[in-house]
Protein chains: 2
Amino acid sequence: MSRITIKDIAKLLQINPSTVSRALKDHPDVSPETKKSVRQVADELGYQPNFQAIHFRNRRSGLIGLIIPEMNMFFLPSVIQAIEETIRKKGYNLIVFQSNDSLEREVEIVRICQGFSVDGLLISVSKETQDTEHFRELEEDGTPIVFFDRVVQQSGFPQIVIDDKQVSVIAVEHLIKKGYQRICGLFDKPNLSISQQRYRGYKQAMENHGRKVALEYCIFADDMDMGRVLFGTLLHHQEPPDALFVMSDELLAGAMQAINEKGFLIPSQIAIVSISDGKLPYFFNPGITHIRHSGAIVGNMAIDLLFQLLTNPDYVQEINLDLDTPLVKLGSA
Amino acid sequence: MSRITIKDIAKLLQINPSTVSRALKDHPDVSPETKKSVRQVADELGYQPNFQAIHFRNRRSGLIGLIIPEMNMFFLPSVIQAIEETIRKKGYNLIVFQSNDSLEREVEIVRICQGFSVDGLLISVSKETQDTEHFRELEEDGTPIVFFDRVVQQSGFPQIVIDDKQVSVIAVEHLIKKGYQRICGLFDKPNLSISQQRYRGYKQAMENHGRKVALEYCIFADDMDMGRVLFGTLLHHQEPPDALFVMSDELLAGAMQAINEKGFLIPSQIAIVSISDGKLPYFFNPGITHIRHSGAIVGNMAIDLLFQLLTNPDYVQEINLDLDTPLVKLGSA
DNA sequence: TTGTATGCGTTATCAA
DNA sequence: TTGATAACGCATACAA
């Protein structure tokens, strides 16, 4: 026998499958004796409910989709660790997709999610994503969607973000107040709204203090290695920066490699402030002063909001996590 | 209309659902005209196949399960990044579970995987897992299972591993040959077979060179922080170690924090060799000499093997990745 | 309290 | 080449 079904149990007990079904889910109007014998036989036979059939029948999948641009060792692990835990507790399961920063792929993935009838979707969008067209259909089906981290501006979808601009202002002002003169800004891919916001914050802080933004001190890098190379080049300038604001852990890792290669001392030759998940900064000596933007908190807020929406579809809300982003002063600035 | 089905298309075209089904999958004996009109209507209506129904009908899920002890920023991201990519290419999807290093939870997850009829399973086992009882049923159903990284010794299941003992011998001998005298070994949870194997390698290397293993220099730590604390304590000993062999990136991160706190210089006061995914070692100054045990390679091999088994169930094999684990000499030893 | 009948969306089998 | 039918495993409205 390949796999035990409700029918098998029913046949063995000479009762109807529907009774077995009810007994197994502790339906009130099944006699205790029936329940008992059903459970016993189910145990003996090693019955495992067929989720596919159940979900199919119930028009739900028990799956929460997670779409990320690409897996990496920064930020996302914290997010995943957090959401998987909650999802499991609620009896759901997590299905993970990488868009590889391609809109085309993202669109396809959203279709797959539809095909799977995911009960909810968490997404950090690709760098090519400018609007939310491809989510409309899912939304119309009533599937809750929560955006986090990399979001689409003014999409109207619920999202978990920080005030990227404001947070960056705080970080950069910390450097300015400490008296640093040539402050480099190291940002992610330039077409990401998160990069733009953080760049605006950098610019704003500079202007607030009468500094002008020198373009050669503003670096946009696609990934860690590009960050390493571009920032490394800048360190070889006649007038290298004396401080660095870096918007992510990934780029911090790149910058640190450049600094190591060049042999600059922190903070005497180069001061650093970053926005970070809060782990990487402690790996270095001295530790890196950072604004803590915890992936775990983002993940938790995102999944909690998603479940809120699952229960109560009208509960639309944007959540801003600024309160949870303290400036952690370590040795680097 | 909530969602377009094959029936809707059929009704609209006044033909039979089965014909629509065949047309949509380009079945040879459907007339070109029928196919054309079906496709057109399907497009117009925005038909999306219902995977749940398809998979249910086909008794397969299109899902590959991945069970890991717990998500973290070391090693696993590389694995996930690699396998998700392959899985997507093959038209499957990835469902991710954390056992939280609990056997009980692992057992439950395996049951869930059965319930979902996953088409294959990749697993790095919990620290409590000593046998493979709970996989037997899945195996009997014909579901291929591949173990990686944290495996169960002599389980008979296909697995992707390195010769942990031998690799550790090489790492530690590198330190011995460089003349270091008091070589500390920093290992993961003591009941993991991977920890035991790597400890044995450490011991073997020492004994090969007539060194005796001092127990106070052998540290087993559950996680990064415990590694930081325990190794930090050791650094304060009268006779602190002059070299460190550390078996994972996570513990390397912990050890580096301890070293930073203590202010020891690398390699003059403390030399280091690690086993690493190959990213973290470059974050430090000097870089950390390591044996590269790439999560990407492990992930690729694991998922490739899984798909082999999916196609050809008799293709049982254990794969040993020693050839892909070079000693990368950076500045730390 | 239990049984009967039906359907979720799809596809394989058989018949036409 | 197409249609009718049944079935995958389960759950529920309804009948008894």
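Every chain is numbered from 1, with letters handed out A, B, ... down the list of sequences. Heavy atoms only: backbone and side chains are in, while hydrogens, waters and symmetry mates are out.
- For Asp8(A) and dC8(D), the CG to C1' distance is 13 Å, given to the nearest whole Å.
- Per the geometry, CZ belonging to Phe56(A) stands 13 Å off P belonging to dG7(C), to the nearest Å.
- Ranking dT1(D), dG9(D), dG9(C) by closeness to the Thr5(A) side chain, first place goes to dG9(D).
- Between dC8(D) and Lys7(A), a contact under 4.0 Å exists linking OP1 or OP2 to a side-chain N or O.
- Ring pair Phe135(A)/Phe147(A) is perpendicular by interplanar angle, where above 60° counts as perpendicular and below 30° as parallel.
- Using a 30° and 60° split on the angle between ring planes, His55(A) and Phe116(B) fall in the tilted class, from 30° to 60°.
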>> side chain to side chain contact (heavy atoms under 4.5 Å, CB included) for Val125(A) and Val151(A)? Distances and angles first, verdict last.
In response: CA-CA 6 Å; Val125(A) 301; Val151(A) 304; 5.9 Å; no
>> Within the 4.0 Å limit for protein heavy atoms, which parts of nucleotides 11-16 of chain D are touched? Write it as a string from 5' to 3', B for base, S for sugar-phosphate only, - for none.
In response: BBB---
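- Neither OP1 nor OP2 of dT1(D) sits under 4.0 Å from any side-chain N or O of Thr34(B).
- Distance, Arg60(B) CZ to dT10(C) P: 15 Å, rounded to whole Å.
- Between the Gln98(A) side chain and the Gln81(B) main chain, a donor and an acceptor come within less than 3.5 Å of each other.
- Put simply, NE2 on His55(A) is 19 Å from C1' on dT10(C), counting in whole angstrom units.
- dA16(C) atom P lies 17 Å from atom CG of Asp29(B), rounded to whole Å.
- Atom C1' of nucleotide dT2(D) and atom CD1 of Ile9(B) are separated by 17 Å, given to the nearest angstrom.
- For the side chain to side chain donor-acceptor pair (under 3.5 Å) test, no residue two or more places apart in sequence or in another chain qualifies with Glu108(B).
- Residues Ser117(A) and Ser61(A) share a closest heavy-atom pair of O-OG, 2.7 Å.
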>> For a side chain to side chain contact (heavy atoms under 4.5 Å, CB included) check, start with the C-alpha distance between Lys35(B) and Asp26(B), then their side-chain angles and the critical distance, and finish with the verdict.
In response: CA-CA 7 Å; Lys35(B) 280 184 189 169; Asp26(B) 211 17; 3.0 Å; yes
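- Comparing Val30(B) and Gln48(A), the nucleotide of DNA chain D nearest to each residue sits closer to the 5' end for Val30(B).
- In terms of position along DNA chain D, the nucleotide closest to Ile15(B) lies nearer the 5' end than the nucleotide closest to the other residue of the pair Ile15(B) and Arg59(B).
- At whole-Å resolution of the value, CD1 in Ile4(B) and P in dT10(C) are 11 Å apart.
- Whole-Å rounding puts the Phe116(B) CZ to dC8(D) C1' distance at 17 Å.
- Across all strands shown, Asn50(A) has heavy atoms under 4.0 Å from sugar-phosphate atoms exclusively, and none from any base.
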